[in-house]
Amino acid sequence: QQPVQSPQAVILREGEDAVINCSSSKALYSVHWYRQKHGEAPVFLMILLKGGEQKGHDKISASFNEKKQQSSLYLTASQLSYSGTYFCGTEMIEGGSQGNLIFGKGTKLSVKP
Amino acid sequence: DGGITQSPKYLFRKEGQNVTLSCEQNLNHDAMYWYRQDPGQGLRLIYYSQIVNDFQKGDIAEGYSVSREKKESFPLTVTSAQKNPTAFYLCASSVGNQPQHFGDGTRLSIL
């Protein structure tokens with residue numbers, strides 16, 4: 001049930017773009033994206049609801065492909081502050097688990113000058 | 001300012017000892033959650049509570065206990081039955097379909 005994130009790690013130069021994927025084998029109601037700096041609390045980025053929507057703010061955007069049960073996080077023109085571990089949290093439709101998230105193992109993003 | 005407060009930031013446990021991690025929120029959120037984070041494992045759900053005086057086991061509840069006597073508070077006890085308690089523990093809260101807000105975490109280690 002745990003979503004699969006890819007890649008596990010990515011190293012970028014400032015200004016480069018990256019895509020992080022999150023795939024589930026279960027039908028999803030929503031996908032939540034968080035970024036966590038080492039030793040700190042995860043910080044919320046955005047929620048995508050079933051219906052195949054896209055969202056974005058600043059240079060970070062995301063999409064949700066309902067047919068594939070897959071979400072992708074797009075980081076464009078990366079900045080040093082984008083470094084951290086990105087987690088997707090998935091909320092499944094079945095099982096009466098509304099509101100509960102199952103998190104992927106994370107994607108570690110390092111942005112170098 | 002509204003938020004979630006976890007304490008202590010660092011905690012050490014001796015063999016056979018129970019320890020309690022505190023989580024308080026003043027966001028008026030109904031739901032509260034406890035997660036355990038190990039390196040490379042992401043966040044795993046220990047317990048959650050959708051309403052006062054009710055809570056449910058998550059994926060890794062063995063060796064842990066919780067209570068939810070007040071809306072603002074959701075303490076987690078790590079019992080001596082939890083043989084590998086060393087981890088980073090995160091508390092979160094939410095309301096409705098809004099995102100979960102996390103506390104700053106408690107890092108628990110074995111003496």
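Convention: sequence-line order gives letters A, B, ...; per-chain numbering from 1. Not measured: the values here are computed from a predicted model. Values below: all heavy atoms of this structure, side chains included; hydrogens, waters and symmetry mates excluded.
Here B:Gln100 contributes atom CD and A:Tyr34 contributes atom OH; the two are 5.0 Å apart, rounded to the nearest 0.5 Å. In this structure, CD1 on A:Ile102 lies 13.0 Å from CZ on B:Arg44, to the nearest 0.5 angstrom. Here the straight-line distance linking atom CG of B:Leu90 with atom CZ of A:Phe103 works out to 9.0 Å at 0.5 Å rounding.
No other option in A:Gln36, A:Gln5, A:Gln2 has as many heavy-atom pairs under 4.5 Å with chain B as A:Gln36.
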Side-chain donor-acceptor distances from residues 102-111 of chain B under 3.5 Å, at least two apart:
unit_1	atom_1	unit_2	atom_2	d
B:Thr106	OG1	B:Pro8	O	2.6

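For NZ of A:Lys108, the number of neighbouring non-hydrogen atoms (other residues, nucleotides, ligands) closer than 6.0 Å is 12 at most. Other residues, nucleotides and ligands place no more than 12 heavy atoms under 6.0 Å from the CD1 atom of B:Ile51. Heavy-atom neighbours of A:Lys37 NZ from other residues, nucleotides or ligands within 6.0 Å: above the threshold of 12. Within a 6.0 Å radius of CD in A:Gln1, no more than 12 heavy atoms belonging to other residues, nucleotides or ligands are found. Atom CD of B:Gln41 has more than 12 neighbouring heavy atoms from other residues, nucleotides or ligands inside a 6.0 Å radius.
Closest non-hydrogen pair, B:Gln50 versus A:Asn100, comes out as NE2-OD1, 3.6 Å.
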Test side chain to side chain contact (heavy atoms under 4.5 Å, CB included) on B:Gln37 and A:Phe87 and set out the steps. CA-CA 12 Å; B:Gln37 188 173 31; A:Phe87 292 98; 3.4 Å; yes
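Checked by atom type and distance alone, the side chain of B:Tyr33 never pairs as donor or acceptor with a backbone atom of A:Leu101 at under 3.5 Å.
Both the backbone and the side chain of B:Leu43 come within contact range of chain A, each with at least one heavy atom under 4.5 Å from a heavy atom of that chain.
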